[in-house]
Amino acid sequence: MEKPSFDVVVAGAGLGGTCAALWLSTSNRVLLLSGTASAASGIAAGLVNLFAGQRVVPVWHADLAYKDLLDTLAHADATDTYNTSGILRPALNEEQAVRLRTLALEHADSFTWLSRDETHARYPYVSAPFGAAVTTGGVVDTPTMLEYTHTTIASRCTVLSSDLVGWEDSGSGVTVALKSGPSLHASKLVLALGAGYRSFPVLSALNLHCLKGQIVRVRAPEYPSCSIPVSGYGYVVPLRDKLILGTTYEHSYQDDQPTRLGSKNILALTQQMVPCLEAADILDTAAGIRVGVPGTRLPMVGPLSGNVWVLTGLGSKGLLFGAHIGRNIANWISNPEHVPYELRLQKKRRI
Ligand SMILES: Cc1cc2nc3c(=O)[nH]c(=O)nc-3n(C[C@H](O)[C@H](O)[C@H](O)COP(=O)(O)OP(=O)(O)OC[C@H]3O[C@@H](n4cnc5c(N)ncnc54)[C@H](O)[C@@H]3O)c2cc1C
């Protein structure tokens, strides 16, 4: 095989591929293939939530992933795209209020409990009859963060807007076939294709599942634009002069476009927490496909063959997991045995 033109080709420029390219390019010649398919990362609401879902369970390796996110933002010169406002979590019922109060005792550094009256005094536009917690976290302006990161890496990494159509691992390197232009040679290929994995049968054999998600962007004069994001019945995320309302979790869908029903459901959900949204002006809607690993809520990363790596399954946690994998991928490629057992590649089970 001829001499590789690049040490690493990263295919896919969403949060996964971009964070990987950022860290890999500190000591490697990297080509980032930005692809032409729409990226879920472009519509992410930007919540950095260390305690996920209605069960308020800590994200896997939350403290480490959070530190990796802060390091990634600093390394990308994108720290000012992150508003560390915290996240308001209204308790949805008495049982959840008990859970949140317990967490406030166990994790005093990242949880503050507010009674119903305290919540009302601070956030009069939020309905929280059972009280609420303020947790560590906040909002990353994800499109701007990606833009800043691409600008930062442009000085030390080649970025090409083209689609990968195939590859061949010869054992000593990889030949990468592009839709436009001649094939390239690299020592390693990292596949960070988001939902684009479905174009490649070898990747469709992995234990992955696609979940469509929709958001609605609104303007609501009664909701202060500098306010805290609220998460409980869906979420309400202030970003610049708009609010992002989300989201749907659709296991079956006809296409990846937003629907009227999706918007209606999101508005009904979020109005339970923030009643003034009833009078909000709807600006636009968007939808994207999250790729997850069924049964784990964790991402998946590892070698498909000696020189071809897969980075996928970021699910609803693209910011935390994308940064965590990006921060570690150079070490993991050199030492595949260091990839945490829980994150290793899994194939679909045969039924
Ligand atoms: C509605 C919604 C709200 C969300 N909100 C949040 C949130 O608040 N916080 C959070 O952390 N996460 C959130 N997420 C999740 C987050 O968006 C994803 O986890 C993350 O974007 C996945 O990043 P990715 O790089 O794996 O995939 P993507 O962002 O989809 O990127 C994949 C990239 O691969 C490229 N590609 C595809 N095929 C090819 C090919 N053949 N050749 C070359 N390139 C290719 C595409 O063009 C794209 O650039 C949300 C997701 C959705 C849908």
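Since this is a predicted model, take the numbers as computed values, not measurements. We count ligands from 1, going down the list as the structure has it; atoms in each ligand are counted the same way.
- With respect to atom 44 (N) of ligand 1, the closest heavy atom belonging to the protein is G35 CA, 3.3 Å.
- No N or O atom of G196 sits closer than 3.5 Å to an N or O atom of ligand 1.
- Protein heavy atom nearest atom 27 (O) of ligand 1, with residue, atom name and distance: G194 CA, 3.5 Å.
- Numbered from 1 in the order shown, with element, the atoms of ligand 1 that lie under 4.0 Å from a heavy atom of I43 read 1 (C).
- Using a 4.0 Å cut-off to heavy atoms of G288, the atoms of ligand 1 that qualify are 53 (C).
- Of the protein's non-hydrogen atoms, Y235 OH, 3.4 Å is the one closest to atom 3 (C) of ligand 1.
- Ion pairing of D284 with R217 is present here, as a side-chain N (NZ or NE/NH1/NH2) and a carboxylate O approach within less than 4.0 Å.
- Each of the atoms 32 (C), 33 (C), 34 (O) of ligand 1 lies under 4.0 Å from some heavy atom of A192.
- Shortest contact from atom 52 (C) of ligand 1 to any protein heavy atom: R290 NE, 3.8 Å.
- Regarding atom 9 (N) of ligand 1, its nearest protein heavy-atom neighbour is L47 O, 3.0 Å.
- Nearest to atom 30 (O) of ligand 1 by heavy atom, out of A40, A37, P229, is A40.
- Looking only at heavy atoms of the protein, atom 5 (N) of ligand 1 is closest to A45 N, 3.1 Å.
- Taking every heavy atom of T247 and a limit of under 4.0 angstrom, the matching atoms of ligand 1 come to 1 (C).
- Looking at atom 23 (O) of ligand 1, its nearest protein heavy atom turns out to be S41 OG, 3.3 Å.
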